[in-house]
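Each chain gets a letter, A, B and so on, in the order its sequence line appears, and its residues count up from 1.
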Amino acid sequence: MSKTQIYKPNEIEEKVQNYWEKNRCFEVAPDPKKEKFYCLSMFPYPSGELHMGHVRNYTIGDVISRFQRMKGKNVLQPMGWDAFGLPAENAAIENNVSPKDWTEKNIKRMKTQLKSLGFSYDWRREFKTCDQDYYKWEQWLFCELFKKGLVVREETEVNWDPVDQTVLANEQVIDGKGWRSGANVERKVISQWSFKIEDYASELLSDLDLLDGWPEQVKTMQKNWIGKSDGMEFTFGVGESSFIEVFTTRPDTIMGVTFIALSFNHPITREYAKNDNALQTWLKNNSKGSTSEISSNLTEKNGYKLKLKAIHPISKEQIEVWVSNYVLSYGFGALMGVPAHDQRDYDFAKKYKIKIKQVIENKNSTVDITKEAEVSKGTIINSEFLNGLKSEEATEKLSKFGKKKINYRLRNWGVSRQRSWGAPIPMMISKNDPQKVIPFSELNESLIGEEEPEIDGEIFIKDKDTFDTFVESSWYFARFASYKSEDKIFDDEVDYWLPVDQYVGGIEHAILHLLYSRFFCKAMSDLDLLKIREPFKKLLCQGMVLKDGSKMSKSKGNVINPKELIEEFGSDSVRMFSMFAAPPNQSLEWSNEGLKGSYKFLNKIWSLVQLFKQQEIVEGDSKESHEDLVVKLNQTIKKVSNDFETRESFNTAISSIMELINFVPEDFLKNKINNEKYCLLKQVINSCLLMLNPITPHICHELWDQINETKIEDNLWPSFDKSFLETSELEFVIQVNGKLRGSILVDVKKEKDEIISAAKKNENVKKFLSNKKLIKVIFIEKKLINFVVK
RNA sequence: GCGGAUAUGGUGGAAUUGGUAGACACGCUGGUUUUAGGUACCAGUGCCGAAAGGUGUGGGGGUUCGACUCCCUCUAUCCGCACCA
């Protein structure tokens with residue numbers, strides 16, 4: 001073999017990547033004549049090294065982009081960096097470097113690695129979120145939202161490390177202790193900025209129905225997260241002038257209330273704590289551990305009984321009032337305890353020997369009320385004028401005592417972070433009155449740089465907090481589509497590209513990031529900055545990349561570095577295996593042996609083309625039929641197109657292409673073939689190259705070059721011929737009592753009765769039919785016959 | 001704890017609408033070629049069985065002529081839980 005005949009991925013890949021760059025193949029601008037397609041993969045946090053999760057994510061995005069380009073669309077695929085974040089601050093402390101330098105060095109390294117994978121990005125649009133050119137617009141947006149009343153100052157709980165005197169992220173709290181100091185973490189209430197995402201709860205929920213291109217599971221998760229509940233508010237009097245408001249989804253159980261529970265931050269709790277040392281101590285002892293929902297759910301329910309009685313709004317009975325750690329500080333921060341019909345209330349009542357009063361009876365229920373709560377609905381008992389009513393009827397009758405209300409579980413989005421490596425919050429806060437604030441947009445520009453300017457005789461302090469990094473990732477999709485805009489946040493280009501047609505990213509972002517981006521899109525639309533209400537038309541959530549069944553991590557020592565594999569096998573093999581090993585939405589088990597398999601397949605294609613190039617055309621019998629191969633080719637194109645476009649099932653697409661290659665008869669690969677065979681073989685090879693092109697673009701570009709006059713980039717996705725999808729004979733499966741007993745080949749033109757009688761004559765089938773009574777024959781078109789016998 | 005998902009050979013996975021379970025690969029076994037082989041090619045490969053056949057999709061139950069697929073129930077694993085990104 002001569003030198004050019006050996007597959008050398010690294011040489012080819014560099015050459016082809018240079019071609020793309022030189023010819024600006026992926027730089028795009030709005031083109032009204034073409035259908036646009038905006039494909040976005042979640043941009044990475046520049047941690048330093050590209051890992052397999054990135055490779056998988058970006059390969060999926062690139063495959064979709066290249067496929068859509070081959071379908072003739074004007075495809076935008078950008079890339080950038082989510083550059084603010086905690087790891088940079090940690091690295092800065094550990095290595096004595098600036099977070100900025102650390103981040104930029106990482107970006108440089110990761111960009112080289114991304115480029116080596118041959119992704120079809122329009123690199124002109126690249127930005128990093130730590131660029132002032134980016135976050136100045138975020139600050140501007142914050143001021144606009146503030147003006148619109150969508151930003152509020154709220155009291156929020158944070159994790160406080162009493163030794164290091166810092167706020168900790170949930171991740172930095174390990175078993176209730178600070179990760180560096182080891183001190184018991186306390187919960188602390190501080191004042192912070194929040195976006196009023198609650199105002200959009202209803203629309204964020206109802207618009208989920210418009211998102212046909214989103215996975216059901218993600219929509220369900222978002223729906224449950226927003227958590228709409230229909231219920232009623234009741235007011236319990238306390239003393240002469242005070243009262244406690246509660247919300248319940250089960251107003252029908254109102255007469256079963258035997259206690260009221262308050263959160264730590266309820267005004268009454270705070271008021272009592274002032275003069276009650278025991279309560280103060282209790283609050284302190286129960287304020288340990290992280291603020292995360294998971295940890296508060298796992299800690300045991302504790303309570304402190306106040307020397308206070310509340311008045312039941314209907315019975316006017318005196319009700320005990322407790323402070324408890326299982327009451328969330330959101331909403332009213334108070335709940336009505338109905339132990340008989342709520343399991344959490346039940347557990348609390350059992351522990352503190354509070355009365356359990358059953359007011360609902362369900363005859364179909366197997367619940368033993370002495371052991372657990374009866375949570376199902378039923379008929380009202382022990383409830384005076386409500387007795388005998390159904391749960392729903394009682395609710396109607398109660399509306400004169402309570403107020404019907406729709407409640408959401410979704411809470412406002414607190415965005416203040418006490419960190420240095422983040423986008424500064426553009427706000428001045430008065431030194432004397434923290435309620436008095438001035439956004440940068442209202443500030444005389446000369447004062448913006450100052451830490452403590454005096455304005456109208458009052459000293460203001462610049463907010464030292466930075467934004468939650470989720471803020472940057474909530475609107476980056478729009479900035480990519482408007483990269484030239486300098487004097488406005490977005491220019492007109494944004495309306496051409498948006499919405500994102502295909503968004504690709506990890507399932508771990510199913511709730512927070514996607515919900516925040518949806519919120520930002522709606523808010524920006526309300527500011528007339530965008531014309532759309534939903535940012536992502538279609539969503540693909542890829543699964544995790546695992547090694548030996550678990551997530552790759554340094555501590556487990558199972559990290560696979562893509563860089564080394566690319567150097568050894570080439571990026572086409574790595575791309576191919578990451579698409580072949582599993583369907584995109586499932587977790588992927590990485591296997592270096594499997595990667596070699598992909599490498600082997602690419603070698604096989606390579607050799608096939610080399611062989612084809614040496615073919616000599618000779619005169620020969622042209623009456624030979626190649627029906628099978630023609631049908632297989634057309635079936636494959638049909639299946640692969642469907643797998644790419646509608647099923648997003650790239651692993652089976654690759655399998656089908658492999659099958660087609662395996663299907664080529666040996667006599668096509670002999671040195672001398674007739675013209676008919678030559679043309680068919682070329683058609684098969686070219687179709688395979690086109691279908692593989694989105695997945696392994698380098699080798700396809702090169703091999704196409706070797707046997708064609710055009711460039712592969714100038715060709716469209718192959719189409720199939722409907723008239724070649726079926727052979728003249730069909731295989732029918734024959735079952736007896738649902739068990740496979742044989743099969744027959746039948747001419748497509750044969751009638752049902754003929755086929756059945758032919759099936760009966762099958763030797764093996766005969767054996768199972770003899771001495772049996774035939775009860776029924778099931779006949780499924782083009783597929784199967786089932787004889788039901790006794 | 002709550003919400004969402006997943007479970008099929010030794011391994012990754014396929015079966016698109018309830019209709020041949022195990023496509024396509026990896027691995028393994030045997031063989032051929034080669035100076036060597038971690039190359040290439042050929043054959044075999046769910047389990048039990050000599051075969052006929054039986055059996056088999058996490059466990060248990062159900063619907064159906066027919067169930068990986070639908071229903072009930074249990075178990076295990078993974079993702080998220082609002083300050084990791």
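In summary, of the residues considered (Arg153(A), Glu155(A), Glu154(A)), a side-chain contact (heavy atoms from CB on, under 4.5 Å) with Ser194(A) occurs for Glu154(A) alone. Among Asn90(A), Thr166(A), Asp161(A), Asp164(A), the one residue that satisfies the side chain to side chain donor-acceptor pair (under 3.5 Å) test with Arg180(A) is Asn90(A).
To the nearest angstrom, P of A25(B) lies 20 Å from CG of Asn592(A). If you take CG of Leu740(A) and P of A52(B), they are 14 Å apart, rounded to a whole angstrom. For the pair Phe580(A) CZ and A23(B) P, the interatomic distance rounds to 12 Å; values are reported in whole Å. Taking atom CH2 on Trp606(A) and atom P on A40(B), their separation rounds to 16 Å, with Å as the unit. Regarding Asn737(A), its CG atom lies at a distance of 11 Å from the P atom of A67(B), rounded to whole Å. In this structure, Gln586(A) places its CD atom 19 Å from P of U77(B), rounding to the nearest Å. Distance Asn90(A) CG to C83(B) C1': 13 Å, rounded to the nearest Å. In this structure, CD of Glu593(A) is placed 12 Å from C1' of A25(B), rounded to the nearest angstrom.
Nucleic acid contact class of Gln343(A) (heavy atoms, under 4.0 Å, all strands): none. Within the nucleic acid shown, Glu659(A) comes within 4.0 Å of sugar-phosphate atoms alone, with no base atom in reach, counting heavy atoms only. At the heavy-atom level, Val788(A) lies under 4.0 Å from the strands shown only through sugar-phosphate atoms. As judged by a 4.0 angstrom heavy-atom cut-off over every strand, Lys767(A) is placed among residues touching the sugar-phosphate backbone only. Within 4.0 Å of Phe787(A), counting heavy atoms only, lies no atom of the nucleic acid at all. Within 4.0 Å of Asn642(A), counting heavy atoms only, lies at least one base atom of the nucleic acid. When heavy atoms are screened at a 4.0 angstrom cut-off, Asn764(A) is found touching the sugar-phosphate backbone but no base atom. Residue Val218(A) is classed as having no contact, given no heavy-atom separation below 4.0 Å to the nucleic acid. Backbone-only contact: Arg741(A) has heavy atoms under 4.0 Å from sugar-phosphate atoms and none from a base. Within the 4.0 angstrom heavy-atom criterion, no nucleotide atom of any strand lies near Trp590(A). Using a 4.0 Å heavy-atom criterion, one finds that Ser416(A) contacts the bases of the nucleic acid, with or without backbone contacts as well. Residue Gln172(A) is classed as having no contact, given no heavy-atom separation below 4.0 Å to the nucleic acid. The residue Leu410(A) sits close to a base: some heavy atom pair falls under 4.0 Å. Among the atoms of the strands shown, none is found under 4.0 Å from any heavy atom of Phe601(A).
If you check A52(B) for Watson-Crick or wobble pairing at under 3.5 angstrom, you find it has no partner at all. A7(B) is paired with U75(B) under the Watson-Crick or G-U wobble criterion, all donor-acceptor distances under 3.5 Å. The partner of G1(B), taking Watson-Crick or G-U wobble pairs whose two distances both stay under 3.5 Å, is C81(B). Across all strands shown, A15(B) forms no Watson-Crick or G-U wobble pair with both distances under 3.5 Å. C41(B) is paired with G31(B) under the Watson-Crick or G-U wobble criterion, all donor-acceptor distances under 3.5 Å.
Asn224(A) contributes no side-chain N or O that forms a donor-acceptor pair with the base of G3(B) under 3.5 Å. Looking at Glu508(A), its side chain has no donor and acceptor atom pair within 3.5 Å of the base of C81(B). For Lys639(A) against U16(B), a side-chain N or O and a base N or O form a donor-acceptor pair under 3.5 Å. Judged by distance alone with a 3.5 Å cut-off, a donor-acceptor contact links the side chain of Gln418(A) to the base of C83(B).
Among all heavy-atom pairs drawn from Arg419(A) and Leu168(A), the shortest one is NH2-C, 4.2 Å.
Side-chain atoms of Met658(A) lie closest to A25(B) of the nucleotides A82(B), A14(B), A25(B). When each of C83(B), G1(B), C24(B) is scored by its nearest atom to the side-chain atoms of Gln192(A), the top-ranked nucleotide is C83(B). Of the candidate nucleotides G12(B), G4(B), U20(B), G12(B) has the atom lying nearest to any side-chain atom of Glu589(A). Comparing atom distances between the Lys776(A) side chain and each of C65(B), U20(B), G80(B) picks out C65(B) as nearest. Across C24(B), G4(B), C84(B), the shortest atom-to-atom separation from the side chain of Ser655(A) is found for C24(B).
In this structure, the side chains of Arg741(A) and Phe787(A) stay at 4.5 Å or more apart for every pair of heavy atoms. With a 4.5 Å cut-off on side-chain heavy atoms, Phe601(A) and Leu692(A) count as touching. Residues Asp628(A) and Phe663(A) are in side-chain contact: their nearest non-hydrogen atoms beyond the backbone lie under 4.5 Å apart. Two residues are said to be in side-chain contact when any heavy atoms from C-beta on lie closer than 4.5 Å; Ile507(A) and Gln217(A) meet this criterion.
A distance of about 15 Å separates the C1' atoms of U69(B) and G22(B), rounded to the whole Å. For A50(B) and U16(B), the C1' atoms lie 41 Å apart once the distance is rounded to whole Å.
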Assess whether side-chain hydrogen bond (donor to acceptor under 3.5 Å, both in side chains) is satisfied between Asn558(A) and Asp548(A), documenting all intermediate values. CA-CA 8 Å; Asn558(A) 61 350; Asp548(A) 308 319; 5.3 Å; no

Could you walk me through whether Glu138(A) and Val471(A) satisfy the side chain to side chain contact (heavy atoms under 4.5 Å, CB included) test, starting with their C-alpha distance in whole Å, then the side-chain angles of each, then the deciding distance to 0.1 Å, before giving a yes or no? CA-CA 8 Å; Glu138(A) 184 166 307; Val471(A) 180; 3.3 Å; yes

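Each of Glu666(A) and Ala581(A) was matched to the nucleotide of RNA chain B holding its nearest heavy atom; the match closer to the 5' end belongs to Ala581(A). Looking at which nucleotide of RNA chain B each of Lys739(A) and Trp225(A) is closest to, the 5′-most match is held by Lys739(A).
Between A85(B) and Thr469(A), a contact under 4.0 Å exists linking OP1 or OP2 to a side-chain N or O. Neither OP1 nor OP2 of G12(B) sits under 4.0 Å from any side-chain N or O of Asn651(A). Contact annotation: Lys600(A) reaches the phosphate of C26(B) (side-chain N/O to OP1 or OP2, under 4.0 Å). Close to U20(B), at under 4.0 Å from its OP1 or OP2, lies no side-chain N or O of Asn786(A). Distances shorter than 4.0 Å separate some side-chain N or O of Arg417(A) from OP1 or OP2 on C83(B). A sub-4.0 Å separation between OP1 or OP2 of A15(B) and a side-chain N or O of Arg647(A) is present. At A82(B), one or more side-chain N or O atoms of Asn170(A) fall inside 4.0 Å of OP1 or OP2 (strictly under the cut-off). Residue Lys596(A) places no side-chain N or O under 4.0 Å from the OP1 or OP2 atom of G27(B).
Between Glu89(A) and Arg417(A) there is no salt bridge, since none of the side-chain N atoms of the basic residue sits less than 4.0 Å from a carboxylate O of the acidic one.
Base orientation for G9(B): syn, the chi torsion being within 90° of 0.
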